[in-house]
> 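Dropping the structure in here first, questions after.
Below, chain A is the first sequence line, B the second, and so on; all start at residue 1.
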Number of protein chains: 2
Amino acid sequence: MSQTASIKDVATHAQVAVGTVSNVLNYPDRVSQRTKERVLKSIAELGFVRNDAARQLRAGQSRTIGLIVLDVGNPFFSSVARAAEDAAAALGSVVLVGDSGQDSSREAHYMDLFQEQRVQGLLISPVGDVSGRIDTLRERGVPTVLVDELADTDRCSSVSVDDQEGGYLAAKHLLDTGRRRLAFVGTPTIRQVASRLKGAQRAVGEVTGASIEVLDSAGQTVLAGRQVGNKLVERSPEKRPEAVFCSNDLLALGVMQSLTMLRTVRIPEDIALIGYDDIDFAISAVVPLSSIRQPTEALGRTAIELLAEEQESGGTKHRSVVFTPELVVRQSTAGA
Amino acid sequence: MSQTASIKDVATHAQVAVGTVSNVLNYPDRVSQRTKERVLKSIAELGFVRNDAARQLRAGQSRTIGLIVLDVGNPFFSSVARAAEDAAAALGSVVLVGDSGQDSSREAHYMDLFQEQRVQGLLISPVGDVSGRIDTLRERGVPTVLVDELADTDRCSSVSVDDQEGGYLAAKHLLDTGRRRLAFVGTPTIRQVASRLKGAQRAVGEVTGASIEVLDSAGQTVLAGRQVGNKLVERSPEKRPEAVFCSNDLLALGVMQSLTMLRTVRIPEDIALIGYDDIDFAISAVVPLSSIRQPTEALGRTAIELLAEEQESGGTKHRSVVFTPELVVRQSTAGA
DNA sequence: CGTAACAAATGAAACGATTCAAAGACGAGT
DNA sequence: ACTCGTCTTTGAATCGTTTCATTTGTTACG
């Protein structure tokens with residue numbers, strides 16, 4: 001009684017066979033009203049709870065989907081995760097979230113863990129090149145969908161946002177408002193960041209006399225942004241850029257904190273600032289932050305849809321969905 | 001080959017017994033160097049991956065800890081969750097996060113789910129009164145720790161922060177800066193919110209001529225805050241409160257958005273504003289937001305520690321840890 | 001009354017790991 | 001040569017479900 005009852009205990013208590021109890025649970029139509037009631041009564045009395053491990057073992061597969069993100073603390077990813085969870089719940093699945101923290105070994109750790117759990121499928125925002133491992137997974141029947149990263153359509157599915165276009169939009173906007181000396185803040189070792197930078201450089205290339213310098217940040221957090229901001233403040237005013245494009249909003253908010261802390265720099269008059277992701281907090285920043293909005297909700301939902309397609313096709317058909325980002329102009333980049 | 005190999009396949013391939021393979025995996029010391037190497041080679045060649053479901057079934061318990069929070073989108077909870085995950089990882093466990101969204105039925109759903117998974121234990125920020133269910137869980141050998149909620153020490157363990165004290169600190173601070181007509185924004189149906197309100201009312205009671213009105217918000221989000229803020233703006237200036245205490249930072253940021261949108265209200269001159277939680281974004285708000293800081297990191301870590309204690313004692317010994325919140329003063333409540 | 005047709009209930013056989021009592025191998029000591 | 005002790009290895013039993021070929025029960029019909 002103290003410990004959990006098994007289906008066998010229920011069967012004994014209700015005076016039926018174990019198969020019947022299982023049928024009550026999984027195929028109620030196959031069981032007569034009378035016995036069904038009796039079994040359900042026993043289940044309630046014994047406080048029986050299905051043992052999922054046993055069910056999975058028999059089924060050979062869990063009802064779990066693994067999701068590996070680069071940083072759950074980043075509202076962009078938590079939003080994608082939430083959308084994925086909701087979409088999965090509608091299919092009767094549960095999403096397990098792993099945070100790689102942009103570290104390949106933690107990423108590998110979660111991939112191993114999810115394999116042991118025999119997840120239905122894997123959604124992953126890869127840190128480095130994981131194509132080899134994904135091939136292995138596919139061979140083993142674990143469909144995989146890349147999230148926020150474009151894939152070869154002949155290898156696996158993916159949902160992503162056109163980062164280069166986003167970077168272009170951001171830089172173009174800064175240039176359109178008259179700024180010429182731009183700076184880019186981020187860690188270009190991350191693919192998304194590199195693409196955004198590339199897009200920005202393309203926009204700069206289209207305007208004569210425009211330039212963009214790259215400021216490498218130690219991470220993609222508010223704190224890292226604050227550090228970069230401090231360095232900017234230390235520079236003599238004429239050496240500061242006229243506009244700063246940060247590879248995400250956390251960095252941008254950090255930079256903003258540093259710049260506004262000392263009252264010598266004004267945003268957007270002295271330095272315009274634009275971020276990326278358009279997280280909820282961007283609008284309520286010291287100076288409402290311009291940003292590039294990504295459809296997080298659609299990303300998460302579509303990732304689950306593609307995973308379902310992969311499963312149905314047995315991992316043979318792949319599809320890539322690319323969303324287009326959108327410029328959101330606020331006060332931080334108001335006309336010079 | 002395409003599908004995953006079992007321990008039996010490995011045994012056949014390496015020409016040893018299944019028990020030996022298991023020993024290589026779990027008790028490497030019991031196996032001779034020679035066979036160990038042979039088995040490991042076979043494991044690599046067959047691409048064997050342990051089936052966690054089978055292991056759990058045999059073990060009778062998973063290496064998973066369930067965590068049910070009120071809102072993962074709230075940085076307060078995501079921070080607690082992260083700390084718990086890190087602490088659990090150190091013990092070789094994984095944390096599964098469920099979001100109740102302050103809805104009892106979703107909360108119940110996750111409790112059922114976690115029971116089916118035979119989690120090691122449960123950490124929960126309860127929506128309503130779950131003491132009955134927790135008693136049931138304890139009987140079934142699932143230790144539970146309340147998070148952000150004080151428990152009867154003779155029933156289960158808990159980690160929390162003194163919400164009444166936090167509410168008192170916030171209101172006291174507003175009163176200390178000369179404000180008298182206060183407003184409280186939140187949904188007092190949630191226990192934490194009710195306690196914070198109670199603390200605030202105590203502070204108000206200590207000052208003659210001070211008053212506090214309660215503005216019920218539809219939720220605890222930025223959006224809900226914005227709605228309350230809009231109502232405040234609609235009021236004639238003399239009917240507006242002199243200071244607003246929001247039950248969390250999301251609400252406060254929402255209120256701030258509404259108030260600053262129309263340029264008629266100045267923060268802190270016309271209305272002072274203080275939030276709760278001191279999330280990372282509070283400092284970079286339009287007007288840097290005063291708040292009540294809670295030790296999220298310690299909450300998550302301690303929750304796991306208490307769970308471990310519960311497990312060791314077999315669910316007989318309970319302990320409650322209460323942290324003290326801390327006032328963080330920023331510009332949004334600068335002297336009147 | 002016999003039997004065909006269908007519905008309901010049965011229970012043994014998986015699933016894949018871990019455990020543990022027992023057997024086997026080997027060297028040392030007498 | 002024999003026994004004892006130590007170190008390895010073995011393989012059947014077990015965990016709690018689901019599945020499915022069979023059996024049992026019931027009704028309808030010629």
Side-chain angles (χ1 to χ4, degrees), chain A residues 3-40 42-43 46-64 92 112-113 115-120 140-141, chain B residues 3-40 42-43 46-64 92 112-113 115-120 140-141:
Chain A
Q3 289 309 316
T4 36
S6 79
I7 212 174
K8 215 175 207 165
D9 302 325
V10 175
T12 309
H13 187 272
Q15 308 203 55
V16 295
V18 288
T20 304
V21 178
S22 176
N23 280 335
V24 170
L25 261 29
N26 302 297
Y27 307 92
D29 296 345
R30 292 188 193 165
V31 185
S32 75
Q33 193 61 30
R34 257 175 50 84
T35 44
K36 202 189 305 181
E37 277 167 13
R38 198 143 43 89
V39 170
L40 288 175
S42 296
I43 287 179
L46 299 178
F48 165 78
V49 178
R50 246 210 213 82
N51 183 325
D52 200 49
R55 187 228 281 267
Q56 281 180 210
L57 173 57
R58 184 65 235 248
Q61 219 205 200
S62 72
R63 279 156 39 254
T64 300
D112 291 342
L113 197 70
Q115 268 190 80
E116 289 194 3
Q117 312 248 26
R118 297 292 190 273
V119 292
Q120 275 177 15
R140 295 195 187 144
Chain B
Q3 289 309 319
T4 36
S6 78
I7 211 173
K8 214 174 207 165
D9 301 325
V10 175
T12 310
H13 188 270
Q15 307 203 53
V16 295
V18 288
T20 304
V21 178
S22 175
N23 281 335
V24 170
L25 261 29
N26 303 297
Y27 307 92
D29 295 347
R30 292 189 192 163
V31 184
S32 74
Q33 193 61 30
R34 258 174 51 84
T35 44
K36 201 189 305 182
E37 277 167 15
R38 200 144 41 88
V39 169
L40 289 175
S42 296
I43 286 178
L46 298 178
F48 165 78
V49 178
R50 244 210 212 83
N51 183 325
D52 201 48
R55 187 228 281 267
Q56 281 182 207
L57 173 58
R58 185 63 236 253
Q61 218 206 202
S62 71
R63 277 157 39 256
T64 300
D112 290 341
L113 196 71
Q115 267 190 81
E116 289 195 3
Q117 311 248 29
R118 297 292 190 273
V119 293
Q120 276 177 14
R140 295 197 186 140

> Round to the nearest Å and state the distance from A:Q56 atom CD to D:dT19 atom P.
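Answer to the nearest Å: 14 Å.
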
> So, applying side-chain contact (heavy atoms from CB on, under 4.5 Å) with A:V24, which one of A:V31, A:I7, A:V10 is it?
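Option passing the side-chain contact (heavy atoms from CB on, under 4.5 Å) with A:V24: A:V31.
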
> Distance from B:Q120 atom CD to B:T64 atom OG1, nearest 0.5 Å?
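If we round to the nearest 0.5 Å, B:Q120:CD and B:T64:OG1 are 7.0 Å apart.
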
> If I take atom CG in residue B:L46 and atom C1' in nucleotide C:dG16, what distance separates them, rounded to the nearest angstrom?
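Between C1' of C:dG16 and CG of B:L46: 15 Å.
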
> Taking only N and O in the side chain of A:R58, is any of them less than 4.0 Å away from OP1 or OP2 of C:dA14?
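Checking C:dA14 against A:R58, no side-chain N or O comes under 4.0 Å of OP1 or OP2.
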
> Roughly how many Å is it from NZ in B:K8 to P in D:dA13, rounded to a whole number?
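Rounded to whole Å, this separation is 13 Å.
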
> For the helix from C:dC1-D:dG30 to C:dT30-D:dA1, how many degrees between its two end axes (five pairs per end), to the nearest 10°?
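Answer for the end axes of this duplex: 60°.
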
> Do the side chain of B:R38 and the main chain of B:A14 share a donor and acceptor less than 3.5 angstrom apart?
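Yes, because the side chain of B:R38 sits within donor-acceptor range (under 3.5 Å) of the backbone of B:A14.
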
> Without decimals, in angstroms, what is the distance between A:Q15 CD and C:dT10 C1'?
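Distance, rounded to whole Å: 15 Å.
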
> What is the nucleic acid contact for A:N26, judged by heavy atoms within less than 4.0 Å: base, sugar-phosphate only, or nothing?
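Counting heavy atoms under 4.0 Å across all strands, the contact made by A:N26 is with sugar-phosphate only.
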
> What is the distance from atom CD of B:Q56 to atom CG of A:D52, rounded to the nearest 0.5 Å?
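Nearest 0.5 Å value for the CD-CG distance: 8.5 Å.
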
> Backbone N or O of B:G47 within a donor-acceptor pair of the A:R140 side chain at under 3.5 Å?
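The answer is yes, because a donor-acceptor pair under 3.5 Å joins these two groups.
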
> Does A:L40 form a side-chain contact (heavy atoms from CB on, under 4.5 Å) with A:K36? I'd like the steps, not just the answer.
CA-CA 6 Å; A:L40 288 175; A:K36 202 189 305 181; 4.3 Å; yes

> Return the CG to CZ distance between A:N51 and A:R55, rounded to the nearest 0.5 Å.
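A:N51 CG to A:R55 CZ: 10.0 Å, rounded to 0.5 Å.
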
> Can you tell me how far C1' of D:dC15 sits from CD1 of A:I7, to the nearest Å?
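These atoms are roughly 13 Å apart.
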
> Let me know, please, whether A:V16 or B:A59 comes out on the 5' side of the other along DNA chain C by nearest nucleotide.
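Closest to the 5' end, via its nearest nucleotide, is A:V16.
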
> Just to confirm, is there a sub-4.0 Å distance from OP1 or OP2 of D:dT9 to any side-chain nitrogen or oxygen of B:T35?
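Checking B:T35 against D:dT9: at least one side-chain N or O falls below 4.0 Å of OP1 or OP2.
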
> To the nearest Å, give me how far apart CD (B:Q61) and P (C:dT18) are.
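Taking atom P of C:dT18 as the reference, CD of B:Q61 is at 15 Å.
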
> Using a cut-off of less than 4.0 Å, is there contact between a side-chain N or O of A:R50 and OP1 or OP2 of D:dT18?
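For D:dT18, OP1/OP2 do have a side-chain N/O of A:R50 under 4.0 Å.
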
> Run the numbers on A:V39 and A:S42 for side-chain contact (heavy atoms from CB on, under 4.5 Å), then give the verdict.
CA-CA 5 Å; A:V39 170; A:S42 296; 5.7 Å; no

> Nearest-nucleotide wise, let me know which of B:R38 and B:A54 is further upstream toward the 5' end of DNA chain D.
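Result of the comparison: B:R38.
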
> Would you tell me if any nitrogen or oxygen in the side chain of B:Y27 comes within less than 4.0 Å of OP1 or OP2 on D:dT8?
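No, because none of the side-chain N or O atoms of B:Y27 sits under 4.0 Å from OP1 or OP2 of D:dT8.
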
> Let me know the distance between CG of A:N51 and P of C:dG16, rounded to the nearest Å.
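To the nearest whole Å, that distance equals 16 Å.
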
> Nearest-Å distance, CZ (B:R34) to C1' (D:dT8)?
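Checked: the CZ to C1' distance equals 12 Å.
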
> At a heavy-atom distance below 4.0 Å, what parts of residues 17-25 of chain B sit against DNA chain C?
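Those residues whose heavy atoms fall under 4.0 Å from DNA chain C, taken from residues 17-25 of chain B in numerical order, are B:G19, B:S22.
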
> Indicate the atoms forming the closest heavy-atom contact of A:A54 with B:L57, along with that distance.
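Residues A:A54 and B:L57, closest heavy atoms: CB-CD1, 3.7 Å.
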
> Between B:S62 (side chain) and B:R118 (backbone), is there a donor-acceptor pair under 3.5 Å?
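Yes; judged by distance alone, with no hydrogens or angles, the pair exists.
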
> Which nucleotide sits closest to the side chain of B:V31: D:dT17, C:dC15, D:dT9?
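Taking heavy atoms from C-beta onward, the closest nucleotide is D:dT9.
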
